[in-house]
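Only one structure is covered here, and it is reproduced in the block below.
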Amino acid sequence: MCRQSATVCLTKSPALDSVAGSSLVERLRLLPDPRRRRGVRHPFVAVLLVAASAVVAGARSYAAVGQWSTNAPQHALARLGARVAGALGVRVAPSAATIRRVIGLVCPGGLADLTGADPAGSDSIAVDGKAARGSRKGTSPAAHLLAAMTGDGRTVTQLRVPDKTNEITCFTALLTPYDLTGVTVTADALHTQRGHARFPVEDKNAHYLLVVKANQPELHRRLRSLPWKEVTARRYDREAGHGRRETRVTRALTVTDLKLDFPHAAQAARILRYRTDLKTGTVSRQTIYAITDLTSQQASPQKLGRLARSQWTIENRLHFVRDTTFAEDASKIRTGHGPENMATLRNLAINTLRAAGHRNIAAGLRHASYEPFTRPLDLLGIA
């Protein structure tokens with residue numbers, strides 16, 4: 001059963017060792033074609049490859065993907081596996097309507113899992129959600145997408161949070177298909193739930209680091225009351241960029257004997273963030289508390305600070321990029337599985353460009369757009 005739709009799409013999770021190292025084409029062949037057999041003209045995988053290539057070339061909408069497809073030369077369509085027509089073997093590109101129909105129907109859970117990165121062996125994986133604001137339709141709320149990203153900036157998967165619920169109900173479903181042995185799962189305060197702490201430790205042989213705020217009032221009060229000024233285990237980090245200078249002071253304290261009533265809690269951390277606006281000179285201060293099952297032998301204050309930083313990174317390296325570079329919030333894709341599947345194709349483009357060495361995704365898209373019918377295919381590994 002697909003993790004995001006009410007249809008039977010995959011007999012087992014696609015995120016298994018059997019697909020590790022497979023090409024994008026081989027992975028997409030595992031997806032079932034959601035179309036009715038009668039009247040099907042264009043190969044299912046070819047349509048998906050056309051959409052993925054167009055997004056890497058900079059397409060942001062169905063219309064833009066369709067325009068890329070219409071203008072694709074014969075050599076590109078041949079590499080994509082487009083339909084052959086006539087005695088001369090002319091390749092026929094799928095239309096914008098065909099692309100829209102397929103993207104709106106394809107299994108969103110399977111597409112996200114099969115096009116994402118494998119988190120096995122990663123130091124950490126961050127979980128956070130984002131609403132695609134432009135997908136709101138009438139009284140229906142905007143699509144809210146919960147994503148997971150490794151500490152080095154590779155998107156693993158995502159799923160759409162069902163309407164009339166929130167991210168909490170989807171946390172375990174998001175991570176269940178993956179081998180997380182030794183990985184530290186980080187999340188913001190919304191996911192500081194006892195069940196979410198037990199899941200990685202007891203079910204996945206992994207670790208957790210969760211931010212603690214007022215949604216857990218007793219736990220937050222007890223962490224605030226700890227003797228932080230007396231703690232000698234601390235780490236200072238300084239960096240400058242984006243018009244500001246930031247200093248972070250991370251203190252860590254063992255809490256195994258304090259009976260905090262939180263599963264597997266071993267250490268607590270307090271992170272003080274001092275930010276100075278280089279233009280105005282304004283200084284702001286923020287205090288963040290976190291709790292983890294990692295012991296002091298497993299994680300120093302330096303590592304705890306790095307893990308907390310990886311949680312903040314998902315905002316900058318995924319959600320911010322999709323908003324600014326792909327204009328996701330302005331997208332009017334609303335029907336079917338379109339919002340989540342187009343977001344998945346954007347995630348794939350971001351992963352692909354980062355794997356090719358592009359630190360700036362906007363610059364990477366421009367580079368691909370200069371040869372729009374060869375470079376995107378080369379980057380995606382389409383022979």
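Computed from a prediction, not measured in an experiment: that's the story for all the values here.
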For residues [X] and [Y], determine if any side-chain heavy atom of one lies less than 4.5 Å from a side-chain heavy atom of the other.
X	Y	result
Pro34	His337	no
Met342	Phe326	no
His42	Val92	yes
Ile125	Leu175	yes
Glu218	Arg221	yes
Ile291	Tyr289	no
Pro162	Cys170	yes
Arg322	Asn347	yes

Within a reach of under 6.0 Å around [atom1] of [X], are more than 12 heavy atoms found that belong to other residues, nucleotides or ligands?
X	atom1	value
Arg273	CZ	yes
Glu239	CD	yes
Arg194	CZ	yes
Glu230	CD	no

Give the minimum heavy-atom separation between [X] and [Y], together with the two atoms involved.
X	Y	value
Ser53	Pro376	O-CB, 3.5 Å
Val50	Ser69	CG1-CB, 3.7 Å
Ala51	Ile99	CB-CG2, 4.4 Å
Ala76	Phe373	CB-O, 3.7 Å
Thr287	Leu272	OG1-CD2, 3.0 Å
Ala268	Leu223	CB-CD2, 3.7 Å

| field | Working for side-chain contact (heavy atoms from CB on, under 4.5 Å), residues Thr325 and Ile350 | value | CA-CA 10 Å; Thr325 304; Ile350 293 169; over 6 Å; no
Sidechain-backbone polar pair: [X] side chain, [Y] backbone, donor-acceptor under 3.5 Å:
X	Y	value
Gln298	Thr295	yes
Gln74	Arg91	yes
Lys204	Tyr178	yes
Ser135	Ala143	yes
Arg375	His367	yes
Ser124	Val185	no
Trp68	Pro372	yes
Glu167	Leu190	no
Arg235	Pro301	no
Gln267	Ala299	yes

| request: Might you work through the side-chain contact (heavy atoms from CB on, under 4.5 Å) test for Leu209 and Gln311, ending with a clear yes or no? | output: CA-CA 9 Å; Leu209 184 139; Gln311 173 58 32; over 6 Å; no
Of all residues at least two apart in sequence or in a different chain, which pass the ring pair (Phe, Tyr, Trp, His ring centres under 6.0 Å) check with [X]?
X	result
His196	Phe171, His191
Phe199	none
His75	none

| request: Go through Arg309 and Thr250 one step at a time and tell me if the side-chain contact (heavy atoms from CB on, under 4.5 Å) criterion holds. | output: CA-CA 11 Å; Arg309 186 70 172 167; Thr250 304; over 6 Å; no
We want to know whether [X] and [Y] form a side-chain donor-acceptor pair, criterion being a heavy-atom distance below 3.5 angstrom.
X	Y	answer
Ser310	Thr313	no
Arg154	Ser122	yes
Thr344	Gln158	yes

| request: Before giving the answer on side-chain contact (heavy atoms from CB on, under 4.5 Å), spell out for Thr169 and Asn166 the whole-Å C-alpha distance, their side-chain angles and the decisive distance to 0.1 Å. | output: CA-CA 6 Å; Thr169 61; Asn166 58 34; 4.3 Å; yes
| Reference residue Pro108; test side-chain contact (heavy atoms from CB on, under 4.5 Å); the match among Asn341, Leu145, Asp113, Ile103 | Asn341
How far does [atom1] of [X] sit from [atom2] of [Y], to the nearest 0.5 angstrom?
X	Y	atom1	atom2	answer
Leu379	Asn351	CG	CG	12.5 Å
Asp293	Arg198	CG	CZ	13.0 Å
Arg244	Leu278	CZ	CG	9.5 Å
Tyr370	Leu365	OH	CG	10.5 Å

| field | Asp378/Arg79 salt bridge by N-O under 4.0 Å criterion | value | yes
| said: Which residue is it: Arg60, Arg136, Arg133? I am looking for the one with a salt bridge (charged side-chain N to carboxylate O under 4.0 Å, His left out) to Asp329. | reply: Arg133
| field | Lys130: which of His144, His319, Glu328 passes side chain to side chain donor-acceptor pair (under 3.5 Å) | value | Glu328
